[in-house]
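Reading through the structure tokens given below for one structure.
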Amino acid sequence: MPRSKPNTKKSSPAKPGAPSEAAKAFALVEPELDDVREVVPINVDVPRAVSVAIGAVPHLQALRPRFVEELPKHPLSQLDKLQTYALAAWYAHLLALPASGGQDALKGLLEEAAPLREDLLVAAEALAHKGIVDAQRVAEIRRGHGHLDTANDLVALAALFGEVWDAVKNRTTVEWADVERASRLGPELLVALGARQQPGLPAPKAGDAAERRARAFTLLVNAYDACRRAASYLRWNEGDADAIAPSLFARGGGRKPGAGKNNAGGGGEGEGEGDGASAAPGAPGGEPLLEPSVA
């Protein structure tokens, strides 16, 4: 059957959320970490992947009635907990970062962050004016104020540019190094601002922070992959599943071959891929489906 013309608003990366929300999500998810049987290697930028997943949640939730009606065996918990898994992976990433260097380091990060945020925002607004990126999402980032928002804005902007990089790299003054730096600087700034300390919540269990991050990221990847597969089935005729839930692993930029392999989840992991456009998972020309790896 020929595919009908899709009429779907494309998912766009979103801010990762306030550290307090992420910490609450991690507290909810932490009991599940020990049940992860096979950890997914982190070969992608965690902050950008989290932003992509959070941006896709409303679009996937809009399909929930069809999940229930047409896919009765699909575990709805993977859809219903997707936002929580994304926020938990974000907080686990912050926990795994090195400690900040005190007030002097914070001052330096803030001095770097403000102009970088503004440069990326101005460039993003120009792209939004041309309809290349989501104008509403860019406006939401512009409304941010304060140091915590600046940090989250950098992550959201890095994800926004990363998603469309191959289409805009010759049409913007932004360099790929700016995108990668924003993705690193946002989490570094949050750590320096004390975002890991959230009063009123249980302290994370003692253990290897990098291992916790990998396990939390695995929960996110497996749930998101399952939802993408379901969306691919439900929207097969429209052919817009990738617009609803873009791949967490689509990467752009001028990386050297092999750069960032086996990186533990900071900015710029993995290798560049193709042209940034991907078919629905499991479809001809699409990325391979991930093997389920959680209990």
N/O donor-acceptor pairs under 3.5 Å from side chains in residues 66-73, not counting sequence neighbours:
from, atom 1, to, atom 2, distance (Å)
R66, NE, E70, OE2, 2.7
R66, NH1, L234, O, 3.3
R66, NH2, E70, OE1, 3.3
R66, NH2, E70, OE2, 3.3
R66, NH2, L234, O, 3.0

Given side chains that start at C-beta, do those of [X] and [Y] come closer than 4.5 Å, heavy atoms only?
X    : Y    : result
F249 : D225 : no
L33  : L219 : yes
V50  : H93  : no
L190 : P19  : yes

Salt bridge check: are [X] and [Y] linked by an N-O gap of less than 4.0 Å?
X    : Y    : answer
R212 : D208 : no
E140 : R137 : yes
K15  : E21  : no

Side chain [X], main chain [Y], donor-acceptor under 3.5 Å:
X    : Y    : answer
R228 : A245 : yes
T218 : A214 : yes
S183 : V179 : no

Under the rule for side chain to side chain contact (heavy atoms under 4.5 Å, CB included), what residues qualify as partners of A113, not counting sequence neighbours?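 If we apply the side chain to side chain contact (heavy atoms under 4.5 Å, CB included) test to A113, skipping adjacent residues, the hits are T150, L154, L185, L189.
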Got a sec, which pairs hit salt bridge (Lys or Arg N to Asp or Glu O under 4.0 Å) with one end in residues 88-98, sequence neighbours left out?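 Matches after skipping sequence neighbours: none remain.
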Salt bridge (Lys or Arg N to Asp or Glu O under 4.0 Å): which pairs involve residues 53-65, sequence neighbours left out?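 Found R64-D80.
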Evaluation steps, salt bridge (charged side-chain N to carboxylate O under 4.0 Å, His left out), between R184 and D45: CA-CA 9 Å; R184 292 189 182 98; D45 182 84; over 6 Å; no
E32: which of R37, K81, R215 passes salt bridge (charged side-chain N to carboxylate O under 4.0 Å, His left out):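 Testing E32 for a salt bridge (charged side-chain N to carboxylate O under 4.0 Å, His left out) against R37, K81, R215 leaves exactly one candidate, K81.
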Flag yes if L76 and V57 sit in one hydrophobic cluster, no otherwise; membership is Ile, Leu, Val, Met, Phe, Trp, Tyr, and two members link when side-chain heavy atoms are under 4.5 Å apart.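 Yes, because L76 and V57 connect within a single hydrophobic cluster, where side-chain heavy atoms sit under 4.5 Å apart.
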Residue E175 excluded, over 12 heavy atoms near CD under 6.0 Å: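 For E175, atom CD is not crowded (no more than 12 foreign heavy atoms under 6.0 Å).
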Are more than 12 heavy atoms from other residues, nucleotides or ligands located less than 6.0 Å from atom NE2 of H74?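 Buried by this count: over 12 neighbours within 6.0 Å.
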Got a sec, which pairs hit side-chain hydrogen bond (donor to acceptor under 3.5 Å, both in side chains) with one end in residues 119-132, sequence neighbours left out?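 Matches after skipping sequence neighbours: E125-R142.
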Between F217 and V39, is the side chain to side chain contact (heavy atoms under 4.5 Å, CB included) condition met? List the steps. CA-CA 8 Å; F217 186 68; V39 175; over 6 Å; no
For L160 and L120, run side chain to side chain contact (heavy atoms under 4.5 Å, CB included): C-alpha distance rounded to whole Å, both residues' side-chain angles, the deciding distance at 0.1 Å, then the answer. CA-CA 10 Å; L160 194 72; L120 292 174; over 6 Å; no
Which atoms form the tightest heavy-atom contact between [X] and [Y], and what is the distance?
X    : Y    : answer
I54  : A14  : CG2-CB, 3.9 Å
L248 : A49  : CD2-O, 3.4 Å
L220 : A53  : CD1-CB, 4.0 Å
P16  : L87  : O-CD2, 2.7 Å
W165 : V174 : CH2-O, 3.2 Å

Side chain to side chain contact (heavy atoms under 4.5 Å, CB included) between Y224 and V52, intermediate numbers included: CA-CA 10 Å; Y224 190 79; V52 169; 4.0 Å; yes
Evaluate the criterion side chain to side chain contact (heavy atoms under 4.5 Å, CB included) for residue pair V221 and Y85; output intermediate values, then yes/no. CA-CA 9 Å; V221 167; Y85 284 143; over 6 Å; no
Could you check E163 against R48 for salt bridge (charged side-chain N to carboxylate O under 4.0 Å, His left out), going step by step and ending with a plain yes or no? CA-CA 9 Å; E163 189 176 55; R48 290 205 298 268; over 6 Å; no
Going by ring-ring contact (aromatic ring centres under 6.0 Å, His included), name the pairs with one or both residues in residues 25-53, residues two or more places apart or in two chains.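 Matches after skipping sequence neighbours: F26-Y91.
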